[in-house]
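The structure appears right after this line, and notes come after that.
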Amino acid sequence: MANYILSGKESLGVEFGSTRIKAVLVDENCNPIATGGHTWENRLENGYWTYHLDDVWSGLQDAYAKLNDDVLKKYGSKISSLSSIGISAMMHGYLPFDETGELLAPFRTWRNTTTAQAASELTKLFDFNIPQRWSIAHLYQAILNGEEHVGKIACLTTLAGYVHKMLSGVNALGVGEASGMFPIDSETRDYNEDMLKKFSSLEKVKACGWNIRDILPKVLTAGDNAGFLTEEGVRLLDPSGTLKAGAAMCPPEGDAGTGMVATNSVGVKTGNVSAGTSIFSMVVLESQLSKVYEEIDMVTTPTGKPVAMVHCNNCCTDLDYWVGVFCEFAKASGSSLSKPQIYDLLYEKALEGDADCGGVVNYNFFSGEPVAHTQDGRPLFMRKQDAKFNLANFFRAQIYSTMATLKIGMEIIEKENAKIDCLMGHGGLFKTPVVGQKLMAGAMNTPVAVMETAGEGGAWGIAVLARYCVDKKDGEALEDYLNNRVFNRYESSVIEPDPDDVKGFAEYMKLFKAGLAAEKAAAENI
């Protein structure tokens, strides 16, 4: 790439993750050629996990500026034009706006578990699982709470939808992202019409004075045009004024959809696990599940295929705090080990631990876990009196805890006989070679693959969708585009489940499930 010259035909992908906003620039062949990032963090304010909208824009501008710096360093000039742009972000949540574009309530993210009543009532009404983090659950809970702002809502959207609308002027979502707002009919690839009518028929909804379809964004599928970067959008993205308007914009997608794209897991019987601040698995189904499960979300691929999703709010946050403690100890002892080195050391040490962690168990719950039926979270480490308590078992339990709640949901998918050829792993849990991949294979009792592209993540995935938007040939399915024009040149490593790991994790899960009562008690009393 040393001799690469910017042509203006590049595509930009931006993803707003839980802790990082990442921008990736790709060439015409979807190769990443530059990156930029910005670190941010959610806040717990007035009982809600939130991000401020000012932080959205300052973070986006910083990530894009750093991307431009990378481009200038590598290729001698900054970006002046782009072929296409894609925006992705954490799915779900609640961003209600009035007709003037004013935000009516602070952004309520996916991490909130404050909508139990609404989620339960809507699940019964629709005969379809509505998780607490879905936008429709947040909306209905606000109605049930009698919140004054609900009658003023003119637009309800997600973080990806909000950023996309501000950059393009188009109020739309990709179907995968939309499926985390309101149930989707995979035949029509639009909101489920019967469920829209049922929701609208509720007396408390009628009193709000709006129609639910009118306030939800338009649904588009991968490959559709979702507008163009406007002059106003340019000023929000690149205040320096170097970038020109006019780039095509693909439908904004959530981190679930971009994770599927980034791991080439959009076809039937494919699946992936994304493991970062949260952890979730996505399994593309041959047919719908036999019944409603509150632990399983039914969402879609970016093209509208049905997907069984197990979403857990907590993954690597607790583990990262523990690594921080070891970093403090290393510094106090005079060690020069860096945090990445300590991460690798602890991960590799975990492989020396007992397959069942020797009677040690960890709960990484910073927030509630609906899949585990806990309303609130308290990080909790426990062990039996006769546990084999050593560093290897301690850290193996930390890694196991990132997967344990996911396993509860995946057990349901296993019982439904949904076929999975292989799980594609991506996210921070898989950054250290082999360890997370090996332990995940044992935990899920299925082969786990990690691709060369796994480190690029969702920002690269949405950049690929942006390229598909402008590159696809007539009738070219997304699966064919990915197989024949993107992933045909990338390699992946596959690890089969080790029988000892499978047996050991099953024993760990017995202890994990038995101890959930203590976790619930901790949340209630501490």
Side-chain angles (χ1 to χ4, degrees), residues 10-27 30-40 51 53-71 78-79 81-91 93 95 107 157-170 172-174 176-177 222 226-230 232-240 242-259 261-262 274 276 302 426 453 455-470:
E10 294 79 17
S11 293
L12 171 68
V14 178
E15 183 157 271
F16 292 79
S18 301
T19 60
R20 191 161 184 254
I21 302 169
K22 185 174 182 180
V24 172
L25 189 70
V26 300
D27 64 17
C30 295
N31 297 307
I33 60 174
T35 61
H38 173 84
T39 299
W40 70 340
Y51 297 85
L53 295 192
D54 287 347
D55 295 336
V56 170
W57 297 112
S58 62
L60 174 62
Q61 291 166 10
D62 185 48
Y64 183 78
K66 288 174 179 172
L67 171 76
N68 246 329
D69 290 342
D70 192 32
V71 168
K78 290 190 174 184
I79 303 166
S81 62
L82 290 165
S83 172
S84 56
I85 298 173
I87 300 296
S88 177
M90 302 165 280
M91 290 178 71
L95 278 164
F107 175 28
T157 190
T158 64
L159 179 56
Y162 164 67
V163 174
H164 177 91
K165 184 174 185 291
M166 295 297 288
L167 296 182
S168 68
V170 176
L173 291 179
E177 173 78 338
F228 298 89
L229 180 66
T230 64
E232 294 80 4
V234 167
R235 288 191 287 272
L236 288 170
L237 177 62
D238 180 23
S240 73
T242 305
L243 181 63
K244 298 174 184 175
M249 297 198 67
C250 72
E253 268 296 348
D255 48 3
T258 58
V261 172
S274 175
H426 65 116
T453 56
E456 300 300 338
W460 181 69
I462 192 65
V464 171
L465 286 173
R467 284 240 58 88
Y468 177 62
C469 181
V470 294

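Every value quoted in this text rests on a predicted model; they were computed, and no experiment measured them.
Judged by distance alone, the side chains of S84 and S11 do bring a donor and an acceptor atom under 3.5 Å apart.
For the pairing with C250, the side chain to side chain contact (heavy atoms under 4.5 Å, CB included) check across V464, L465, I85, I87 returns one residue only, L465. Among the candidates F107, W57, F16, Y51, the single residue satisfying the ring pair (Phe, Tyr, Trp, His ring centres under 6.0 Å) test with Y162 is W57.
Nearest heavy atom pair, residue A226 against residue H164, reads O-NE2, 2.9 Å. Summarising the geometry of L82 relative to A247, their closest heavy-atom pair is O-CB, 3.4 Å, with the distance given to 0.1 Å. In terms of heavy-atom proximity, V24 sits nearest to A463 at O-CB, 4.2 Å. For the pair A63 and A23, the tightest heavy-atom approach, listed with the atom from each and the gap, is O-CB, 4.2 Å. Shortest non-hydrogen contact noted between T157 and L173 is OG1-CD2, 4.2 Å. Of all the heavy atoms in G257 and P302, the pair that sits closest is O-CG, 3.9 Å.
By the 4.5 Å heavy-atom criterion applied to side chains, M91 and D255 are counted as neighbours. Using a 4.5 Å heavy-atom threshold, the side chains of L243 and L229 count as touching. I33 is listed as a side-chain neighbour of E10, based on a closest heavy-atom distance under 4.5 Å.
In this structure a side-chain-to-backbone donor-acceptor pair under 3.5 Å is missing from W460 to V26. Not a single donor-acceptor pair under 3.5 Å links the side chain of E253 to the backbone N or O of I462.
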Practice item. Take E177 and T158, measure what side chain to side chain contact (heavy atoms under 4.5 Å, CB included) needs, and give me the verdict at the end. Key: CA-CA 8 Å; E177 173 78 338; T158 64; 2.6 Å; yes
Exercise for review: Apply side chain to side chain contact (heavy atoms under 4.5 Å, CB included) to Y468 and V261, showing your working.
Suggested key: CA-CA 11 Å; Y468 177 62; V261 172; over 6 Å; no
Exercise for review: Quick one: do L159 and V56 satisfy side chain to side chain contact (heavy atoms under 4.5 Å, CB included)? Show the steps, please.
Suggested key: CA-CA 9 Å; L159 179 56; V56 170; 3.9 Å; yes
Practice item. Check the pair K66, D70 against salt bridge (charged side-chain N to carboxylate O under 4.0 Å, His left out), reporting the backbone distance first and the verdict last. Key: CA-CA 6 Å; K66 288 174 179 172; D70 192 32; over 6 Å; no
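To the nearest 0.5 Å, the span separating OG1 on T258 from CD on E15 amounts to 3.5 Å. The line from OG1 of T242 to CD1 of I79 is 9.5 Å long, rounded to the nearest 0.5 Å. Considering OG1 of T230 and NZ of K165, their distance stands at 10.5 Å, rounded to 0.5 Å. Put simply, CG on L25 and OG1 on T35 are 10.0 Å apart, with the number rounded to the nearest 0.5 Å. Between the CD1 atom of I21 and the OG atom of S88 there is a distance of 12.0 Å, given to the nearest 0.5 Å. In this structure, the separation between CD on Q61 and CZ on R235 is 12.0 Å, given to the nearest 0.5 Å.
With a 6.0 Å radius and a threshold of 12 heavy atoms from other residues, nucleotides or ligands, K244 has its NZ atom at or below the threshold.
For D238, the side-chain hydrogen bond (donor to acceptor under 3.5 Å, both in side chains) partners two or more places apart in sequence, or in a different chain, are S240.
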